[in-house]
Colleague: 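My questions all concern the structure below.
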Amino acid sequence: VEQNTTFYTNVYRLFPARSIVDRATNEDTEQGLATGDCNVVAGGVADVATETIREIGRYQGPYNVVPRLFAKDPLALVTREDDPQWSAFVGAIVSSIFYAEEINVSKSDTFN
């Protein structure tokens, strides 16, 4: 996820810091998918569009865009398509986080 963006703030709010790879620029973020440093890219809809991932990120492999917006800003997640089990897992975790928020389960509730 690109540093100093709304996406950065939201991703750090939702996921443990140890599982996040932050990058200085949007280009570095997209290239993380191509280099294998990242399995998921978070960003705006334009950031995860096919053209962006292929041209800026230089990732030519298959990938999936999770079809859900995660904030008022058009946030999206991308996972590599060659691992559908991982893509399903990421989607399930994100959905679980949002469901917990909808039913007012907080971080403090999970350890009681």
Side-chain angles (χ1 to χ4, degrees):
V1 66
E2 184 180 356
Q3 299 167 351
N4 303 315
T5 63
T6 302
F7 313 116
Y8 180 86
T9 303
N10 288 336
V11 167
Y12 269 89
R13 184 175 54 87
L14 295 170
F15 298 99
R18 69 181 181 279
S19 62
I20 300 170
V21 178
D22 54 4
R23 302 296 184 124
T25 67
N26 192 40
E27 183 175 319
D28 289 344
T29 300
E30 274 88 18
Q31 288 177 355
L33 195 62
T35 62
D37 293 338
C38 302
N39 291 319
V40 177
V41 174
V45 174
D47 298 328
V48 300
T50 300
E51 297 80 16
T52 305
I53 297 297
R54 302 269 188 251
E55 294 170 18
I56 296 174
R58 295 179 188 80
Y59 178 70
Q60 299 305 312
Y63 67 96
N64 292 316
V65 176
V66 176
R68 179 173 177 174
L69 298 179
F70 300 110
K72 291 178 184 175
D73 299 328
L75 301 176
L77 293 174
V78 172
T79 60
R80 295 171 63 122
E81 192 176 80
D82 61 352
D83 191 348
Q85 188 174 13
W86 173 251
S87 295
F89 176 73
V90 169
I93 294 298
V94 171
S95 293
S96 297
I97 290 168
F98 286 104
Y99 178 68
E101 185 175 64
E102 288 174 11
I103 62 171
N104 296 317
V105 173
S106 70
K107 187 177 185 179
S108 62
D109 296 329
T110 61
F111 297 105
N112 293 329

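In what follows, residues are counted from 1 in the order of the sequence shown. Note that the coordinates shown come from a computational prediction; the quantities given were computed from them, not determined experimentally. The analysis underlying the following values was restricted to heavy atoms, covering all of them including side chains, and did not include hydrogens, waters or symmetry mates.
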Colleague: Any idea which heavy atoms bring V11 and A42 closest together, and the distance?
Modeller: CG2-CB, 3.6 Å
Colleague: Does S96 use its side chain to pair, donor to acceptor, with the backbone of A92 at less than 3.5 Å?
Modeller: yes
Colleague: Flag yes if V21 and V41 sit in one hydrophobic cluster, no otherwise; membership is Ile, Leu, Val, Met, Phe, Trp, Tyr, and two members link when side-chain heavy atoms are under 4.5 Å apart.
Modeller: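 V21 does not cluster with V41.
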Colleague: Is L33 linked to I56 within one hydrophobic cluster, defined over Ile, Leu, Val, Met, Phe, Trp and Tyr using a side-chain heavy-atom separation of less than 4.5 Å?
Modeller: no
Colleague: Is a side-chain donor or acceptor of R54 paired with a backbone partner of Y59 at a separation under 3.5 angstrom?
Modeller: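 Flag set: sc R54 to bb Y59 pair under 3.5 Å.
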Colleague: What I want to check is whether the side chains of Y63 and T50 have a donor and an acceptor closer together than 3.5 Å.
Modeller: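 Present: a donor and an acceptor within the cut-off.
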Colleague: What's the shortest heavy-atom distance between T35 and R23, and which atoms?
Modeller: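 Closest approach of T35 to R23: OG1-NH2, 4.4 Å.
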Colleague: Are any side-chain N or O atoms of R58 and backbone N or O atoms of I53, one a donor and one an acceptor, separated by less than 3.5 Å?
Modeller: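 A pair under 3.5 Å: no.
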Colleague: How about CZ on F89, more than 12 heavy atoms from neighbouring residues, nucleotides or ligands closer than 6.0 Å, or not?
Modeller: no
Colleague: Out of the candidates T52, T25, V48, only one should pair with E30 under the side-chain contact (heavy atoms from CB on, under 4.5 Å) rule; please name it.
Modeller: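 Filter result, single survivor: T52.
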Colleague: Assess whether atom CD of Q60 is packed by more than 12 heavy atoms of other residues, nucleotides or ligands within 6.0 Å.
Modeller: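 Yes - once you tally the heavy atoms of other residues, nucleotides and ligands closer than 6.0 Å, there are more than 12.
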Colleague: Considering only heavy atoms from C-beta outward, does the side chain of Y8 approach that of I20 to under 4.5 Å?
Modeller: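 Of all side-chain heavy-atom pairs linking I20 with Y8, none is under 4.5 Å.
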Colleague: Provide the closest heavy-atom pair for N64 versus S87 in the form atom of the first, atom of the second, distance.
Modeller: ND2-OG, 3.3 Å
Colleague: Let me confirm one number: the CD-CD distance from E27 to E2, rounded to the nearest 0.5 Å.
Modeller: 10.5 Å
Colleague: Can you measure from CD1 (I97) to CZ (F15) and round to the nearest 0.5 angstrom?
Modeller: 4.5 Å
Colleague: Measuring from D28:CG to D22:CG, what's the distance to the nearest 0.5 Å?
Modeller: 10.5 Å
